[in-house]
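Here is the structure we will look at, set down as structure tokens.
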Protein chains: 2
Amino acid sequence: MQLGKAERHRLIESVVSRKRVGTQFELLDALVDSGCSVTQATISRDIRELGLEKTHDQFGRPRYVLPHAARRNDPAEALNAVLGQFGRTVAPAGNIVVLQSDLGAAPAIARALDQLGHDRVVGTLAGDDTVLVVAPSERDARTLARELGAILG
Amino acid sequence: MQLGKAERHRLIESVVSRKRVGTQFELLDALVDSGCSVTQATISRDIRELGLEKTHDQFGRPRYVLPHAARRNDPAEALNAVLGQFGRTVAPAGNIVVLQSDLGAAPAIARALDQLGHDRVVGTLAGDDTVLVVAPSERDARTLARELGAILG
DNA sequence: ATAGCGGGAGCATACGTATGCAGTGTTTCC
DNA sequence: GGAAACACTGCATACGTATGCTCCCGCTAT
């Protein structure tokens, strides 16, 4: 044994979050490539211990992902939740995206946007129920508005 | 065939969100109890079409859940995200829970708490970076603080 | 009417995952 | 040191899930 269980777990988390892994044998191959040689049985146990979830991607193909709990601090998740819950409308106007929300939620949304590190978000300004999102260009603003609109539903 | 595919899908969503279903045969049984008799093969296809995810509960037991996308409007999800992302500290004080957050996030947190419909949340009052959560009793406040603290990490 | 098409579902089975058991190595406590 | 307890893993296999094939039904155009 060259790699301990804990290191293997880190490795699995890393692999799974970087590429689509649909079966435990695929994962096994990836681990072997990284110099970690174990059997499927071990991987099955690892997966339970890590709490990995098996989902389907947009094409219905299987995929393991990190447990939801582990993604709780992911800025993208936060934006999804806060925007899905409190967002009302999005509209581009020049190189600005105007985002309307439930009263009081705007600062949180703006903060979530800031933390995204999104290329098309230059900066944000929040009121009580409105966020102005400044984009680099009109074109970017339109794209961004579309992206945010998709989250709203 | 008495139930169409669409109705069966609704039924599956309902069952899966109400109780822990660990295998497709368990789900099959539940459907039969609801007067819908199909085979495991059909359920396998349904599960892919619905995009259900197979996770592990806190004891490592398997469980199907609705896809993450479908839970985006779940108030509990919103609270998790917003609190996990922006929450700082929680402390009970009398029958009040004092919640400190990142600047500006308090109103969103308060809103998320309100929408929970939680028995121990009588009402909330939000400043910029502080939420006061009013609980029915000191006991409730302590319990509530513990619950919220768990979300923070 | 009927031939042709497409969706839905069952059956059998291939594919994928979990687990009882046994073996090995490590730590702990006499 | 030696025994006991424990953690980790592989092997074989039981368990669980996906899918190729087929049939059936309902629709449409001929």
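Throughout, a chain's letter reflects where its sequence line sits, starting with A, and its residues are numbered from 1.
Considering every non-hydrogen atom in both A/R88 and A/L152, the closest pair reads O-CD1, 3.6 Å.
Each of A/F25 and B/E49 was matched to the nucleotide of DNA chain C holding its nearest heavy atom; the match closer to the 5' end belongs to B/E49.
B/S14 and B/R18 share a donor-acceptor pair across their side chains, judged by distance under 3.5 Å alone. Using modelled atom types and a 3.5 Å distance limit, the side chains of B/T143 and B/D140 yield no donor-acceptor pair. Side chains of B/T124 and B/D114: a donor-acceptor N/O pair is present below 3.5 angstrom, by distance only.
Atom pair A/I12:CD1 and D/dC8:C1' shows a separation of 14 Å (rounding to whole Å applied). A/D46 has its CG atom 10 Å from the C1' atom of D/dC8, to the nearest Å. Between B/R48 atom CZ and C/dG7 atom C1' the separation is 14 Å, expressed in whole Å. The nearest whole Å value for the distance from the CG atom in B/L52 to the P atom in D/dG16 is 18 Å. Nucleotide C/dG16 holds its C1' atom 14 Å from the CG atom of A/D29, rounded to whole Å. Between the CG atom of A/L28 and the P atom of D/dT9 there is a distance of 13 Å, rounded to whole Å. Spacing between atom CD of A/Q24 and atom P of D/dA18 amounts to 13 Å, rounded to whole angstrom units. At whole-Å resolution of the value, CD1 in A/I43 and P in D/dC8 are 16 Å apart.
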Step-by-step side-chain hydrogen bond (donor to acceptor under 3.5 Å, both in side chains) determination, B/E77 to A/Q85: CA-CA 9 Å; B/E77 283 298 312; A/Q85 189 75 9; over 6 Å; no
Please tabulate, one pair per line, each protein N/O and nucleotide N/O from nucleotides 20-28 of chain D that are separated by under 3.5 Å, including the distance.
{"from": "D/dG20", "atom 1": "O6", "to": "B/R45", "atom 2": "NH2", "distance (Å)": "2.6"}

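Residues B/E13 and B/R10 are paired through a salt bridge, judged by an N-O separation under 4.0 Å between the basic side chain and the carboxylate.
When heavy atoms are screened at a 4.0 angstrom cut-off, B/T23 is found touching the sugar-phosphate backbone but no base atom. Residue contacts shown for B/S44 include a base, since a base heavy atom lies under 4.0 Å away.
The 12-atom threshold is not exceeded at CZ of B/R139, counting heavy atoms of other residues, nucleotides or ligands nearer than 6.0 Å. Few gaps surround CG on B/D33; more than 12 heavy atoms of other groups in view lie less than 6.0 Å from it.
Listed pair B/R8 / C/dA9 meets the phosphate criterion, a side-chain N or O lying under 4.0 Å from OP1 or OP2. In this model, the phosphate group of D/dG10 is not approached by any side-chain N or O of A/Q40 to a distance below 4.0 Å at OP1 or OP2.
For B/T39, the side-chain atoms get nearest to C/dG10 when compared with the rest of C/dG10, D/dG10, C/dT17.
Heavy-atom distances under 4.0 Å link DNA chain C to A/K54, A/Y64 of residues 53-67 of chain A, given in residue order.
At least one donor-acceptor pair under 3.5 Å links the side chain of A/R111 to the backbone N or O of B/L103.
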